[in-house]
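All values reported here derive from a predicted model rather than from experimental measurement.
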Amino acid sequence: MSLHRLASGVLLPGFHGTTAPDWLLKRVADGLGGVVLFGRNVVAGTAEETDAQVTALNAQLRGARADVVIGIDEEGGDVTRLDYGRGSEVPGNHALGAAGDLGLTREVAASIGSRLAACGVSLNLAPSADLVLTLDDPVIGVRSFGSDPVAAGAHVAAFVEGMQAVGVAACAKHFPGHGASTVDSHAALPVLPRSAAELAAVEFVPFRAAVQAGVRSVMTGHLVVPEWGPEPATLNPRALRVLREDLGFTGAVITDGLDMKAVGGDLAEGSVRALVAGVDALCLGGEPLDDDGLRWLVDSIVAAVESGVLPRERLEEAARRTAALGTPPSSVDGHDPSLGLKAARAALEVRGDLRVSGAPVVLDLAVEASIAVGDVPWGLGPYLSELVPGTTVLPPSSSADEVAAVASGRTVVVVTREAHRHAWARDLVSALVKIGLDLVHVETGVPGPDLGTAARVDTHGGSRVCLRAAAERIAAAGT
């Protein structure tokens with residue numbers, strides 16, 4: 001195989017559009033490893049319309065080469081691509097962890113996988129095997145199964161088993177684990193305040209569970225472990241040796257997006273360094289590339305081999321492992337659209353005395369979602385309005401006094417996404433409590449401290465079904 005084809009074979013770029021451009025189809029035919037699909041590649045519409053469009057797109061790609069890798073970030077919950085325009089039909093990891101039913105986690109993963117298989121996707125960049133180790137983490141949050149490494153590991157393994165049972169490769173991410181980080185690697189380089197021994201005892205537990213469950217790929221995080229040197233794990237040979245030798249992983253290692261700020265520098269240089277370190281597939285999807293951009297990367301990798309910086313054997317190994325993720329999945333009749341709401345209901349936690357007087361007043365305190373989540377619809381107002389006629393939905397900019405003026409004795413439902421990380425949201429809830437309103441707090445992120453409301457509803461996620469489950473519970477509490 002030519003060097004240019006080998007170099008093409010380790011690239012997983014993103015692209016613009018809901019159909020495959022001609023230049024991309026030519027690249028696929030000439031050996032491009034694969035692509036990663038994002039929300040920009042999916043039309044907004046019903047599930048049937050979305051799936052039909054994605055199936056047609058993937059048929060174009062597989063028409064150019066049958067074994068092209070087609071990846072997607074379909075974690076469920078807050079991070080969704082197929083349901084980007086309307087919110088996920090399944091709860092995410094934290095909700096599944098809160099439900100505490102491994103069989104349910106396995107079923108949800110199999111349902112997601114069946115849907116992806118029917119659409120022609122061969123690789124799902126999920127699940128997140130990160131732990132919640134600090135409430136200040138800005139990027140993982142409800143994408144994690146929880147804080148307990150053993151319990152989270154069991155759910156990671158169940159998710160991997162459910163996904164791969166229907167023929168779609170799973171990917172445990174983001175090794176060595178984002179849990180203790182307070183920096184979003186999309187924006188800057190996190191340095192983990194953890195020793196290698198602490199990581200081995202805690203963060204590695206879910207990754208070991210994934211490896212033991214036969215996970216076919218692992219994604220590196222752009223995370224610095226001081227004892228391993230100054231390079232993030234994606235570029236760090238020691239990190240990759242730990243994954244291979246200590247955890248026993250033999251499948252494909254995939255980078256997190258190499259265009260993220262945490263990697264920095266030249267994209268071509270980062271690509272070569274990752275391959276030299278031991279990574280197999282290079283994820284380049286955050287900023288879509290065009291034909292010229294891909295040619296530049298391929299030429300840069302070829303030049304690194306020709307100059308002796310990157311051994312040809314290392315590139316051949318990486319291309320071989322990447323190609324193994326492209327096996328077209330067989331369409332499996334296991335997708336259950338009703339399963340997500342069942343799981344979301346099981347995850348719901350209510351504290352305090354939940355009673356609702358009259359048609360409620362809803363205040364959705366929207367905050368900017370992380371880049372990984374994107375602009376997915378969020379908010380309880382539409383769901384509660386559907387179930388309880390007369391519900392008033394206030395603008396998120398409403399002050400405490402404005403809310404009090406509208407309430408007039410009715411229950412106020414204030415909805416947050418990790419209020420503990422946003423002082424203005426936390427302060428507004430506290431101000432409403434001081435006024436003495438009949439107040440219900442719905443938290444859709446990782447639950448933080450109690451803010452003194454009469455009742456608290458924790459959904460453990462902001463997906464469509466999590467919001468619907470909360471609306472159902474609140475509507476049922478009406479007096």
Donor-acceptor pair, side chain of [X] and main chain of [Y], under 3.5 angstrom:
X: Asp83; Y: Arg86; value: no
X: Ser122; Y: Thr327; value: no
X: Glu75; Y: Asn93; value: no
X: Thr416; Y: Glu418; value: no
X: Glu107; Y: Leu339; value: no
X: Arg65; Y: Val28; value: yes
X: Ser217; Y: Ala170; value: yes
X: Arg314; Y: Val279; value: yes
X: Thr50; Y: Val43; value: yes
X: Arg5; Y: Asp30; value: yes

May I have the step-by-step check of ring pair (Phe, Tyr, Trp, His ring centres under 6.0 Å) for Phe38 and Phe15, ending in yes or no? CA-CA 9 Å; Phe38 288 84; Phe15 61 96; 9.3 Å; no
Quick one: list whatever passes side-chain hydrogen bond (donor to acceptor under 3.5 Å, both in side chains) with [X], sequence neighbours left out.
X: Asp130; value: Ser128, His174
X: Glu74; value: Thr80
X: Asp299; value: His4
X: Ser338; value: Asp336

Is [Y] paired with [X] through a side-chain N to carboxylate O contact shorter than 4.0 Å?
X: Arg244; Y: Asp280; answer: yes
X: Asp73; Y: Arg143; answer: no
X: Glu316; Y: Arg320; answer: no
X: Asp22; Y: Lys26; answer: no
X: Asp256; Y: Lys173; answer: no

With a 4.5 Å cut-off on side-chain heavy atoms, are [Y] and [X] touching?
X: Leu135; Y: Arg421; result: no
X: Val35; Y: Asn41; result: no
X: Leu131; Y: Val205; result: no
X: Val225; Y: Glu203; result: no
X: Leu3; Y: Leu315; result: yes
X: Pro396; Y: Asp364; result: no
X: Ser181; Y: Leu192; result: yes
X: Arg208; Y: Val211; result: no

Could you go through Asp137 and Val446, starting from their C-alpha distance and side-chain angles, then the distance that decides it, and tell me whether this counts as side chain to side chain contact (heavy atoms under 4.5 Å, CB included)? CA-CA 10 Å; Asp137 167 38; Val446 172; over 6 Å; no
Can you name the nearest heavy-atom pair linking [X] to [Y], along with the distance?
X: Ser8; Y: Val298; result: OG-CG2, 3.5 Å
X: Ile70; Y: Gly120; result: CD1-O, 3.7 Å
X: Leu284; Y: Ser271; result: CD2-OG, 4.3 Å

Side chain to side chain donor-acceptor pair (under 3.5 Å): pairs with one or both residues in residues 375-384, sequence neighbours excluded: Trp378-Thr444
Pairs flagged by side chain to side chain donor-acceptor pair (under 3.5 Å) wherever residues 147-162 is involved - sequence neighbours left out: Thr105-His155, Arg106-Glu161
Looking only at side chains, do Thr391 and Ser385 share a donor and an acceptor under 3.5 Å apart? no
Crowding at CG, Asp292 (>12 non-hydrogen neighbours, <6.0 Å): yes
Between Arg81 and Leu37, is a side chain to side chain contact (heavy atoms under 4.5 Å, CB included) present by the stated rule, with each step listed? CA-CA 8 Å; Arg81 305 304 183 225; Leu37 303 181; 5.9 Å; no
Take Arg27 and Leu289, measure what side chain to side chain contact (heavy atoms under 4.5 Å, CB included) needs, and give me the verdict at the end. CA-CA 12 Å; Arg27 285 276 170 187; Leu289 293 170; over 6 Å; no
Side chain to side chain contact (heavy atoms under 4.5 Å, CB included) evaluation trace for Ile72 with Val36: CA-CA 5 Å; Ile72 197 169; Val36 177; 5.8 Å; no
